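See structure below.
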Amino acid sequence: MLVILGSGHAGYSLAREWRKLDAATPLTIVTRDDGASYYKPDLSKAFAAGKDAAALIKADAAAMAQELNAKVLPFTEVTGLDVEGKAVLVGERRIPFTQLVLALGASPIRLPLGGEAADQVQSVNDRLDYARLRERLTPGCRVLILGAGLIGCEFANDLAAAGFGVTVNDVAEWPLARFVPEVQGRALEDALRGIGVDWRLGTSAASVDASPGGITVRFADGSALETEVVLSAVGLRPQTELARTAGIVCGTGIVVDVHLRTSAPDVYALGDCVELGGRSLPFILPIGHAARALAPTLAGTPTAAKFPAMPTPVKTPVCPAVVCPPPPIDGRWEVTGDAPDLEAVFFDASGAPRGFALTGKATARRGALGTLLPALELPEAPVPSP
């Protein structure tokens with residue numbers, strides 16, 4: 001029996017790929033949410049499209065169970081793993097497995113905010129989070145977004161286009177600072193300002209308190225802002241607690257080798273929860289490559305995962321962007337073009353291209369630049385036992 005923990009894009013993508021190779025072996029998918037299939041990137045562009053949480057569903061849990069010839073267990077909280085006895089623990093219940101895949105995803109990072117209303121800060125990491133955010137938002141209300149990374153900028157574009165008053169805060173000096181050079185970040189900043197987005201950059205939120213008009217957020221630089229909803233988009237942290245508690249080797253994420261094997265026999269992992277070659281591999285494209293490699297491995301043909309250059313589109317229609325971040329190495333950005341149509345290529349110390357960022361009309365170059373970059377180098381050795 002194959003058991004997959006998680007019904008997000010990673011879990012369901014793997015299940016589909018595996019069923020192409022094995023139509024008969026029993027499959028159980030255990031998930032803590034409702035088990036509906038949806039496309040997670042749609043979350044940050046759904047307001048302007050007029051879609052509520054239900055409209056994002058492509059298939060409910062029952063439909064997915066039928067499609068995959070599987071047992072889907074929604075709203076099921078896994079309490080532990082018995083890796084030696086090969087069982088998933090749900091309270092006193094044991095779900096046996098022959099092979100287990102951890103597709104646990106990642107959890108929103110929680111900022112250490114002071115104030116009595118800090119618990120009112122929301123994050124959107126799945127469809128049910130999105131439903132809760134929609135319940136809080138009234139027409140034309142003010143929203144403060146904490147974080148000017150990919151998700152923060154996407155929500156800023158989406159919410160401003162839907163008529164909300166949006167302010168974005170980040171400790172960085174320009175949007176997408178982890179991914180693009182300043183000139184491109186400023187181009188995006190200006191474009192979003194053009195649809196009504198305000199910016200509080202170069203400082204961090206310190207406290208969140210209730211006020212007669214809604215919520216008062218105070219910043220480290222001493223300034224304050226009145227708003228009605230605070231949305232945190234400062235990043236995600238891989239879900240490792242379940243694996244770590246079971247004795248599986250974890251670093252920042254669940255450590256896997258090129259075959260997506262963990263340190264426990266017959267236990268694999270993929271998606272936002274993993275660490276491979278010392279780095280995490282979030283976003284949609286890596287999940288697809290990992291699923292297409294892991295499926296044949298589970299079916300009996302060990303297949304190493306390979307990751308070519310994987311550019312990620314940033315869903316900011318007022319200033320489209322594509323980012324393919326370089327590894328953490330010494331190098332330099334070279335930028336050409338006129339804002340907002342800018343092409344930036346990152347060159348390492350030897351002069352080889354290792355990453356790129358594109359904005360505006362320059363995004364049409366994503367395919368050509370992608371072919372110039374090397375594939376991700378990954379260790380072949382299996383993960384050592386703890």
Side-chain angles (χ1 to χ4, degrees), residues 9 38-53 55-56 58 123-125 127 129-130 133-134 137 139-170 172 174-201 229 231-235 282-285 310-325 335 337-344 356-370:
H9 187 70
Y38 67 99
Y39 189 55
K40 188 174 180 179
D42 288 345
L43 294 173
S44 57
K45 63 177 186 178
F47 274 99
K51 292 185 177 181
D52 61 15
L56 296 177
K58 298 183 182 298
S123 297
V124 175
N125 191 40
R127 195 181 59 83
D129 287 341
Y130 173 69
L133 178 64
R134 285 187 67 95
L137 292 171
C141 75
R142 297 162 294 172
V143 182
L144 171 65
I145 298 174
L146 304 179
L150 272 72
I151 303 303
C153 288
E154 289 179 353
F155 268 110
N157 198 145
D158 193 45
L159 294 176
F164 298 99
V166 177
T167 300
V168 181
N169 160 246
D170 200 294
W174 64 86
L176 300 184
R178 288 178 51 217
F179 303 98
V180 305
E182 182 173 359
V183 64
Q184 287 181 309
R186 297 298 183 191
L188 178 59
E189 179 184 349
D190 290 343
L192 287 169
R193 185 179 287 111
I195 61 169
V197 176
D198 291 327
W199 298 90
R200 293 286 183 101
L201 299 171
V229 175
L231 175 63
S232 179
V234 297
F283 309 127
I284 294 297
L285 282 178
M310 295 175 287
T312 298
V314 185
K315 299 184 294 297
T316 47
V318 295
C319 181
V322 174
V323 298
C324 191
V335 183
D338 298 313
D341 307 319
L342 297 165
E343 175 182 313
F356 64 84
L358 307 169
T359 52
K361 294 178 182 178
T363 54
R365 293 266 297 153
R366 61 180 292 180
L369 289 179

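Because the structure is predicted, anything quoted here is derived from the model rather than measured. Below, each value reflects all heavy atoms present in this structure, side chains not excepted, and no hydrogens, waters or symmetry copies.
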* With the side chain counted from C-beta on, respond yes when E189 and W199 share a heavy-atom pair under 4.5 Å apart, and no when they do not. => yes
* Structure fact -> Heavy-atom nearest pair, G360 first then C319, reads N-SG, 4.3 Å
* **Side-chain donor or acceptor of D158 paired with backbone N/O of A48 under 3.5 Å** => yes
* To do: Indicate the atoms forming the closest heavy-atom contact of D170 with A148, along with that distance.
  => OD2-N, 2.6 Å
* Asked: Of the non-hydrogen atoms in A344 and V335, which two are nearest, and what is the gap between them?
  -> CB-CG2, 3.9 Å
* Asked: Could you state the interatomic distance from CD1 (I145) to CZ (R200), rounded to the nearest 0.5 Å?
  -> 14.0 Å
* Which heavy atom in A191 sits nearest to a heavy atom in V318, and how many Å separate them? -> CB-O, 3.8 Å
* Donor-acceptor pair, side chain of T359 and main chain of P340, under 3.5 angstrom -> yes
* Asked: So how far is it from L342 CG to L358 CG, rounded to the nearest 0.5 Å?
  -> 9.5 Å
* **Shortest non-hydrogen contact between V314 and L150, atoms and distance** => CG2-CG, 4.0 Å
* May I ask you to test the H9-K40 pair for a side-chain heavy-atom distance under 4.5 Å? => no
* Would you check if L188 and C153 make a side-chain contact, meaning some heavy-atom pair closer than 4.5 Å? => yes
* Do the side chain of N157 and the main chain of L192 share a donor and acceptor less than 3.5 angstrom apart? -> no
* Asked: Is there a side-chain contact between V322 and C324 (heavy atoms, below 4.5 Å)?
  -> no
* To do: Enter the distance from Y130:OH to F155:CZ here, rounded to the nearest 0.5 Å.
  => 8.0 Å
* To do: Flag the pair V229 / F164 as yes when at least one side-chain heavy-atom distance between them is below 4.5 Å, and no otherwise.
  => no
* Asked: Nearest heavy-atom pair of R134 and K51: which atoms, and what distance?
  -> NH1-O, 3.0 Å
* To do: Ignoring hydrogens and angles, tell me if any N or O in the side chain of E343 forms a donor-acceptor pair with the backbone of R365 under 3.5 Å.
  => no
